[in-house]
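First the structure, in the form of structure tokens, and then the observations on it.
Here, residue 1 is the first one in the sequence, and each next residue gets the next number.
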Amino acid sequence: ERILVKITTIVEGGNDLSFALACLPRCFESYVVHLLAAGERAGALDESLGRAIELMRKQMSLRGKIVGALAYPMFLLFFTAAITTGILIWLVPKFESMLMAKPDLLPTPTKIVLASSQFLRESPAIAGGVFAAVVVALLLAFRNRKVQSIGFGMLSHLPAVGPLIHKAYLARSVTTLALTLESGVPILTGLEHAEHVSALPKLQEMWRNSRDTVRDGRPLFTAMEGADLPPALKQMMIAGETSGSLDESLRTAAHFLDRETDAALKTFTGLLGPATVCIAGLVVGFVVVALMTPILQLAKFVG
């Protein structure tokens, strides 16, 4: 409500709607501002608003799919952490007196489990504070765009996650470029917005080089020759620039990339569940094996 009141006040003062949105950079992305500014110059503000809504809807849809895919693994990891904490606090002390009879003979995993149990029982406030501090630090860090860029760049090298992240942000940047060109925004500004929303360092460098290439008067597709892009996208860009309909070709390419992203998301979702179960089993299994190994050795010795 406060944002709408502020926008209304700025517009009633004789300013454009795009200028009012530009005064609120934390609420509206720069590509939305430029789309509306182009629509105001061309007298087609309603079309620009529709394109901005379409782009935001696609981004929200993709974010929702990713969050939905992560819901089950995050719950399983949280449940595993809770079970492991319960084992360390309530179960391990029952074996501690027996295991600590000869601490020098204990294997390293058992020593780690016993030390962790002792720390959680003797300093619960410190353990909780450290956990909360780590969670808050991660949340604050990932709200920083530079940290997000570094984090997504690291994740993009993973086997199953990498193709999904690369295709998702490539589709997002191509869609942004297509919609800005359709709204009458200059191509250099559109390439700047594509770089802004791509997030991945490799994609940002590609769009930056493309902007330099276009500024020098060369075709856009010449900057994409050595880039890690689907061959269909390159062919569509060549056809679009040759026929003078780059925005339409990019829109078609954006739909193609959306389908590729959905396929990669299904693959990622199919692999994520079993991988999370394996991680949970390894964590709990490590604790159980660390406890049972010295007990079995002691029983063998006694026998």
Side-chain angles (χ1 to χ4, degrees), residues 1-72 74-75 78 129 131-152 165 168-169 171-186 189-200 203-204 207 247 251 254-255 258 261-262 265:
E1 183 179 357
R2 291 194 301 269
I3 293 171
L4 292 176
V5 170
K6 186 175 293 187
I7 292 175
T8 303
T9 303
I10 296 174
V11 173
E12 288 178 347
N15 298 293
D16 294 333
L17 179 60
S18 58
F19 176 80
L21 269 59
C23 294
L24 302 167
R26 297 183 61 182
C27 303
F28 301 97
E29 297 284 352
S30 58
Y31 63 84
V32 176
V33 176
H34 284 281
L35 282 173
L36 298 189
E40 289 173 333
R41 288 194 301 268
L45 181 59
D46 53 345
E47 296 181 6
S48 297
L49 284 169
R51 293 191 176 102
I53 292 172
E54 178 183 353
L55 183 57
M56 295 175 66
R57 184 180 291 118
K58 284 188 176 182
Q59 295 180 10
M60 293 172 65
S61 175
L62 178 61
R63 189 181 300 114
K65 290 179 181 178
I66 294 176
V67 171
L70 294 176
Y72 170 71
M74 292 302 294
F75 170 76
F78 173 79
F131 176 76
V134 171
V135 172
V136 172
L138 289 176
L139 292 176
L140 293 177
F142 273 95
R143 297 185 72 175
N144 187 290
R145 291 182 178 178
K146 291 184 178 180
V147 176
Q148 289 180 2
S149 178
I150 296 173
F152 284 124
I165 294 178
Y169 279 100
R172 178 180 179 181
S173 55
V174 170
T175 303
T176 301
L177 180 59
L179 292 175
T180 51
L181 293 179
E182 288 179 352
S183 300
V185 177
T189 305
L191 290 171
E192 181 180 354
H193 293 323
E195 176 190 350
H196 174 72
V197 302
S198 58
L200 297 180
L203 288 178
Q204 289 179 335
W207 292 117
D247 52 348
R251 174 63 77 94
H255 291 313
D258 286 338
T261 303
D262 290 337
L265 182 60

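Ile7 is listed as a side-chain neighbour of Phe28, based on a closest heavy-atom distance under 4.5 Å.
Proximity of a side-chain donor or acceptor of Ser173 to a complementary backbone N or O of Tyr169 within less than 3.5 Å is detected. When atom types are taken as modelled, the side chain of Asn15 and the backbone of Ile10 share a donor-acceptor pair closer than 3.5 angstrom. Formation of a donor-acceptor pair under 3.5 Å by the Glu40 side chain with backbone atoms of Ser18 is found in this model.
Residues forming a side-chain contact (heavy atoms from CB on, under 4.5 Å) with Glu47 (at least two apart in sequence, or on another chain): Ala44, Arg51. By the salt bridge (charged side-chain N to carboxylate O under 4.0 Å, His left out) test, Glu192 is found to be paired with no residue, residues two or more places apart in sequence or in another chain being considered. By the side-chain contact (heavy atoms from CB on, under 4.5 Å) test, Met74 is found to be paired with Leu70, residues two or more places apart in sequence or in another chain being considered.
The structure places CG of Leu36 at 11.0 Å from CG of Asp46, a figure rounded to the nearest 0.5 Å. Taking OG1 from Thr8 and CG from Leu17, the interatomic distance works out to 9.5 Å, rounded to the nearest 0.5 Å. Put simply, OG1 on Thr175 and CD on Glu54 are 8.0 Å apart, with the number rounded to the nearest 0.5 Å. How far CG of Asp258 is from CG of Leu265: 12.0 Å, rounded to the nearest 0.5 Å. Atom CE of Met60 and atom CD1 of Ile53 lie 11.0 Å apart (nearest 0.5 Å).
The environment of Ile3 atom CD1 is sparse: at most 12 non-hydrogen atoms of other residues, nucleotides or ligands sit within 6.0 angstrom.
Taking all atoms of both residues into account, the shortest heavy-atom contact from Ala171 to Thr261 is CB-OG1, 4.0 Å. Taking both residues in full, the closest heavy atoms of Gly190 and Leu177 are given as C-CD1, 3.5 Å, listed atom of the first, atom of the second, then distance.
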